[in-house]
Engineer: 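Sharing a structure, written as structure tokens. Questions coming.
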Amino acid sequence: MTDQDEPPIRVLLADGQSLFRDAMRVVLEARPDFQVVAEAADGMHAVAEAERTEPDLALVDADLPNGDGIRTTRLILERQPDCRVLFLSEHEDDRGLIASLEAGATGFVTKGSPIGELIEVARRVRAGETTIPPQMLGTLLAGLIRNKREHDEALRRLARLTRREREVLALLAKGADNEGIAQPLVISPETARTHVQNVLGKLGVHSRLEAAAFVIQNGLIDELVGAEA
Amino acid sequence: MNHAPLVDERRPMRNPEVWLRQADGENVVYDPAREAVHVMNTTAVAIWVLCDGHTAPTEMIEAVCALSALPYEVVEEDVMRILDEFDRAGVISWTG
């Protein structure tokens with residue numbers, strides 16, 4: 001039951017298949033509490049439409065062309081933080097579920113779900129709830145725990161570095177070579193090289209590229225911000 | 001607030017003889033040794049999945065908090081009650 005005085009939920013449909021978008025539009029607009037304000041067939045278009053129409057709710061397909069559903073979710077929420085994202089997937093995909101929630105989605109539905117369930121989840125997500133298929137809860141929690149352990153382990157390794165080595169790592173993560181590290185830190189390239197070797201050893205990685213990936217994959221950029229200032 | 005698990009915190013582990021069956025929205029744990037059947041709700045099943053002998057109750061609580069945004073104390077009470085019920089039913093043991 002919905003309140004007739006409430007404004008409708010303004011929806012952006014982002015899915016590569018026009019047939020699915022058409023079906024969803026018909027289904028949603030048959031209900032007075034939904035209004036489809038935009039459609040997009042790819043990720044970049046979805047982000048642009050979100051900026052243009054400021055929807056309350058975005059239905060984002062996992063397999064969106066040109067920017068995939070995870071990246072699209074993240075970009076939509078960067079530009080429209082008040083929007084809620086309901087993530088649509090073909091399958092009960094554990095990694096996709098975790099990635100979508102980490103990107104900021106608060107709902108996850110498989111496309112095989114009954115339409116009534118999708119509508120109800122859309123309402124609950126818009127109302128601020130986090131809604132996922134109950135049968136995926138255990139594996140989701142296990143994934144969250146696994147990610148937290150990995151992040152904690154990365155922080156432990158980062159804590160082995162001196163302040164100077166953190167500065168070096170921050171520059172490494174930006175792709176700097178020995179010269180690019182030496183110049184802002186006012187040290188010689190040889191000293192920079194020594195610091196780099198120490199950083200690699202303490203992090204337990206084998207290359208500069210691996211060190212940069214360590215920072216990015218573990219979301220440690222913020223931990224290093226300021227170290228290079 | 002930091003609720004990091006204590007190093008020596010005990011970890012619950014599923015009894016390997018017990019198996020979970022999920023069908024038609026129902027979750028049933030069957031214990032052949034005791035010839036007992038336990039019907040579980042969604043949260044209990046999720047906690048059951050996490051009873052792998054490696055995951056501490058504190059980690060379970062923190063993960064549920066991260067997902068639900070419920071207060072730590074509320075989640076802690078629920079998780080510990082579920083684990084206590086598992087323990088009394090004999091479907092888990094404790095390691096560590």
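Scope of the values below: all heavy atoms of this structure, side chains included, with no hydrogens, waters or symmetry mates.
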Engineer: Taking atom CD of Glu51(A) as the centre, does the number of heavy atoms from other residues, nucleotides or ligands within less than 6.0 Å exceed 12?
Structural biologist: yes
Engineer: Out of curiosity, Ile47(B) CD1 to Leu137(A) CG, how far, rounded to the nearest 0.5 Å?
Structural biologist: 7.5 Å
Engineer: Take atom CZ of Arg10(A) as the centre, draw a 6.0 Å sphere, and report whether it contains more than 12 heavy atoms from other residues, nucleotides or ligands.
Structural biologist: yes
Engineer: Could you tell me which of Leu101(A), Asp152(A), Leu141(A), Asn147(A) has the largest number of non-hydrogen atom pairs under 4.5 Å with chain B?
Structural biologist: Leu141(A)
Engineer: Distance from Leu67(B) atom CG to Ile132(A) atom CD1, nearest 0.5 Å?
Structural biologist: 5.5 Å
Engineer: Any idea which heavy atoms bring His54(B) and Arg149(A) closest together, and the distance?
Structural biologist: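 Minimum heavy-atom separation between His54(B) and Arg149(A): O-NH2, 3.1 Å.
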Engineer: List the steps, then state whether side chain to side chain contact (heavy atoms under 4.5 Å, CB included) holds for Arg146(A) with Thr55(B).
Structural biologist: CA-CA 10 Å; Arg146(A) 187 176 58 244; Thr55(B) 304; over 6 Å; no
Engineer: Find the one option among Leu144(A), Thr139(A), Ile145(A) whose heavy-atom pairs under 4.5 Å with chain B are most numerous.
Structural biologist: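 Looking at each option in turn, the highest pair count goes to Ile145(A).
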Engineer: Counting only non-hydrogen atoms closer than 4.5 Å, does Leu50(B) touch chain A with its backbone (N, CA, C, O), its side chain (CB onward), both, or neither?
Structural biologist: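 The side chain, not the backbone.
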Engineer: Counting heavy atoms not belonging to Gln217(A), are there more than 12 under 6.0 Å from its CD?
Structural biologist: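 Not more than 12 within 6.0 Å, no.
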Engineer: What I want to find out is whether Lys148(A) reaches Glu62(B) closely enough, with some N-O distance under 4.0 Å, to be called a salt bridge.
Structural biologist: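 Salt bridge: yes.
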